[in-house]
Amino acid sequence: MYLLIDCNNFFASCEQIFNPALRNIPVVVLSNNDGCVIARSKEAKELGIPMGAPAFQYKNLFLTKNVAVFSSNFTLYADMSQRIMDILASLGFDFEIYSIDEAFLYVPCSNDYLKLANTIRNQIKQWTGITVSVGIAPTKTLAKAANKLAKNATGVFLIDKPQNNHPQLAKFPLEDVWGIGKKTAEKLHQFGLYFVPDLLAKPDHWIKKHLKVTGLRTILELRGKSCLELKEDTPQKSIIRSRSFGTEITTLKNLEEAIASFAASIGKKLRTHRLKTSNLCIFITSNRFKKSPYFSDSVHIHLPEASSDTSYLINQSKIILHKIFQENISYKRAGVMAYELSSETALQKDLFHLSNTMTTQKEHLSKVVDQINHRFGSNTMYFAAEGIKKTWQGKPLSRSKQYTTSWNDIPRIILKNS
DNA sequence: TCTGGGGTCCTAGGACCC
DNA sequence: TCTGGGGTCCTAGGACCC
């Protein structure tokens with residue numbers, strides 16, 4: 001059986017744990033530039049604040065309903081996530097970290113799955129303060145559905161045999177099925193299909209024709225035939241760094257600095273994972289919400305030799321940027337993507353590319369910069385090309401402290417003499 | 001004034017081959 | 001009238017996920 005463990009309202013819960021005054025009141029966490037709502041506490045959901053809602057449209061509601069609004073604090077969330085994943089890993093079952101707040105466990109046999117799930121729940125709650133829901137089922141897709149049902153029940157839900165036709169599954173909307181998104185759901189609605197049993201009644205060839213192989217896989221999984229196994233710890237295939245700018249950019253110089261920052265960040269991640277990239281893509285866009293004509297362009301290049309050296313990646317990124325930059329445009333968003341990642345130890349050298357001691361020295365330099373930043377704090381050293389002011393970076397309005405990763409921010413308990 | 005960021009997988013269609 | 005058949009590889013774009 002598969003167990004899907006999913007943290008409830010994860011980012012909002014992280015905020016509530018370290019600030020007791022936030023418990024039982026609506027809390028939302030916003031995306032970069034405090035743009036959209038990306039997490040809501042139970043109380044915030046009850047107020048009808050949707051996921052992804054633009055914050056400015058809900059400003060009044062936040063005020064009148066005393067909603068606690070936070071800028072995102074990924075350092076905190078990532079650390080809390082790690083603690084939870086460590087607990088799951090310690091159980092000794094095969095498991096797959098699916099996202100920052102979710103993991104699948106594969107438990108081949110157990111006398112009492114519900115008891116096991118409750119033990120896991122209690123332990124995570126006690127050790128981290130986070131409440132999780134557990135869905136248990138013979139396939140991953142059913143475990144996702146069970147998890148959804150668990151959230152509305154006691155926190156644990158078991159679908160042992162799909163053919164038992166749980167009454168909850170009979171009214172399970174197709175758009176809530178893992179793998180069926182907005183577009184597919186709309187398509188199915190046109191055929192008069194709304195709930196899981198409606199789709200299960202269709203023959204395989206109908207599914208294959210309209211939903212392709214991915215759709216067929218989903219249906220088989222819903223019928224209890226496992227098609228999706230736990231994913232091995234496969235190496236990453238691409239790395240993306242992109243941002244919407246707090247202040248729109250109009251000059252090439254500022255855009256170069258932003259792109260250089262993204263390239264530097266990619267370089268660091270590549271080195272951390274002992275990878276190199278041999279394909280870069282740069283993209284720049286104007287504001288898609290504005291009435292003025294939308295501008296968007298991107299270019300890929302194949303690097304003559306794979307690299308993880310920041311100075312090289314910055315240089316190459318700049319060269320590509322120059323190919324697509326146009327004057328008199330207000331740029332709202334840009335990004336750098338790295339593809340064709342390969343292990344730094346198993347690399348194909350380019351016969352005609354000048355790979356010399358200079359290259360080796362530069363790579364060494366990047367690693368030294370990493371070590372310095374690791375020891376003295378990130379951004380202690382960075383490339384001048386990234387710019388000093390980073391004017392494009394918006395300032396988060398209300399970010400919580402780094403309670404678990406910074407000595408200065410560790411919560412203090414004050415004992416009062418009674 | 002104000003609308004996120006980071007990923008994966010699949011398919012259709014073009015280019016190319018014999 | 002009429003213009004093969006079978007295959008691979010690559011890429012852009014769509015759909016999905018959190």
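The chains referred to below are lettered A, B, ... by the order of the sequence lines, with proteins before strands, and numbering in each begins at 1. Source: prediction; values computed, not measured.
The side-chain hydrogen bond (donor to acceptor under 3.5 Å, both in side chains) test applied to A/His189 returns A/Glu175, not counting sequence neighbours. Legend: residues meeting ring pair (Phe, Tyr, Trp, His ring centres under 6.0 Å) with A/Tyr113, ordered by chain and number and at least two apart, are absent. Every side-chain hydrogen bond (donor to acceptor under 3.5 Å, both in side chains) that A/His322 has, sequence neighbours left out, goes to A/Glu256.
For the segment residues 53-61 of chain A, the set of residues with a heavy atom within less than 4.0 Å of an atom of DNA chain B comprises A/Pro54, A/Phe56, A/Lys59, in numerical order. Residues from residues 241-264 of chain A that place a heavy atom under 4.0 Å from any atom of DNA chain B, listed by number: A/Arg241, A/Ser242, A/Arg243, A/Ser244. Listed by residue number, the members of residues 282-295 of chain A with any heavy atom below 4.0 angstrom from DNA chain B are A/Arg288, A/Phe289.
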Go through the steps to decide whether A/Lys290 and A/Glu248 satisfy the test salt bridge (charged side-chain N to carboxylate O under 4.0 Å, His left out), and finish with yes or no.
CA-CA 12 Å; A/Lys290 274 192 179 167; A/Glu248 288 184 13; 3.2 Å; yes
Strictly under 4.0 angstrom, non-hydrogen atoms only: write out the protein contact profile of nucleotides 11-18 of chain C, one letter per nucleotide from the 5' end, B, S or -.
----SSSS
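No donor-acceptor contact under 3.5 angstrom links the side chains of A/Thr128 and A/Arg83, judged on distance only. A side-chain donor from one of A/Ser343 and A/Thr345 sits under 3.5 Å from a side-chain acceptor of the other. No hydrogens or angles considered: nothing links the side chains of A/Lys332 and A/Ser244 as a donor-acceptor pair under 3.5 Å. Residues A/Lys268 and A/Asn373 have side chains that never bring a donor and an acceptor to within less than 3.5 angstrom of each other. Side-chain contact check for A/Ser41 and A/Glu43: at least one donor-acceptor pair (N or O, by modelled atom type) lies under 3.5 Å.
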Which atom pairs, donor and acceptor, lie under 3.5 Å between side-chain atoms of residues 85-92 of chain A and protein residues at least two apart or in another chain?
residue : atom : partner : partner atom : Å
A/Asp86 : OD1  : A/Gln82 : NE2          : 3.0
A/Ser90 : OG   : A/Ile87 : O            : 2.6

What donor-acceptor contacts under 3.5 angstrom involve side-chain atoms of residues 144-157 of chain A, with partners at least two apart or in another chain?
residue  : atom : partner  : partner atom : Å
A/Lys144 : NZ   : A/Glu102 : OE1          : 2.6
A/Asn147 : ND2  : A/Leu4   : O            : 2.8
A/Asn147 : ND2  : A/Ser133 : O            : 3.0
A/Lys151 : NZ   : A/Asp6   : OD1          : 3.0
A/Lys151 : NZ   : A/Asn8   : OD1          : 2.9

Quick one: side chains of residues 204-211 of chain A, donor-acceptor pairs under 3.5 Å with protein atoms, not counting sequence neighbours, listed by atom name and distance.
residue  : atom : partner  : partner atom : Å
A/Asp204 : OD1  : A/Arg223 : NH1          : 2.8
A/His210 : ND1  : A/Trp206 : O            : 3.1

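Residues A/Glu96 and A/Lys231 are not paired through a salt bridge, judged by the lack of any N-O separation under 4.0 Å between the basic side chain and the carboxylate. Using a cut-off of 4.0 Å between Lys/Arg side-chain N and Asp/Glu carboxylate O, A/Asp309 and A/Lys362 are scored as not salt-bridged.
For A/His210 and B/dC10, the NE2 to C1' distance is 18 Å, given to the nearest whole Å. Taking atom CZ of A/Phe11 as the reference point, atom P of B/dG5 lies 13 Å away to the nearest angstrom. Distance, A/Leu397 CG to B/dG4 C1': 15 Å, rounded to whole Å. Note: OH (A/Tyr77) to P (B/dG5) measures 15 Å, nearest angstrom. Atom CD in A/Gln236 sits about 8 Å away from atom C1' in B/dG7, given to the nearest Å.
Classified by interplanar angle (parallel below 30°, tilted 30° to 60°, perpendicular above 60°), the ring pair A/Trp178/A/Phe104 is tilted.
Here A/Arg217 does not reach the OP1 or OP2 of B/dC9: none of its side-chain N or O atoms lies under 4.0 Å away.
Counting only Watson-Crick or G-U wobble pairs whose defining distances are both under 3.5 Å, the stems of 3 or more consecutive pairs in DNA chain B are B:5-18 with C:5-18.
Residue pairs satisfying the ring pair (Phe, Tyr, Trp, His ring centres under 6.0 Å) criterion with at least one member in residues 36-68 of chain A, sequence neighbours excluded, are absent.
At the heavy-atom level, A/Leu30 lies nowhere under 4.0 Å from the strands shown.
Closest to the side chain of A/Lys231, out of B/dC9, B/dC10, B/dG7, is B/dC9. When distances are taken from the side chain of A/Cys36 to each of B/dG7, B/dC10, B/dG4, the shortest belongs to B/dG4. Ranking B/dG6, B/dC9, B/dG5 by closeness to the A/Ile240 side chain, first place goes to B/dG6.
Of the residues near DNA chain B, A/Val213 and A/Pro235, the one whose nearest nucleotide (by heavy atom distance) lies more toward the 5' end is A/Pro235. The residue among A/Lys237 and A/Phe74 whose nearest nucleotide of DNA chain B lies closer to the 5′ end is A/Phe74.
For A/Arg217 against A/Leu228, the heavy-atom pair with the smallest separation is NE-CD2, 4.0 Å.
With both ends at atom C1', the span from C/dC17 to B/dG4 equals 15 Å, rounded to whole Å.
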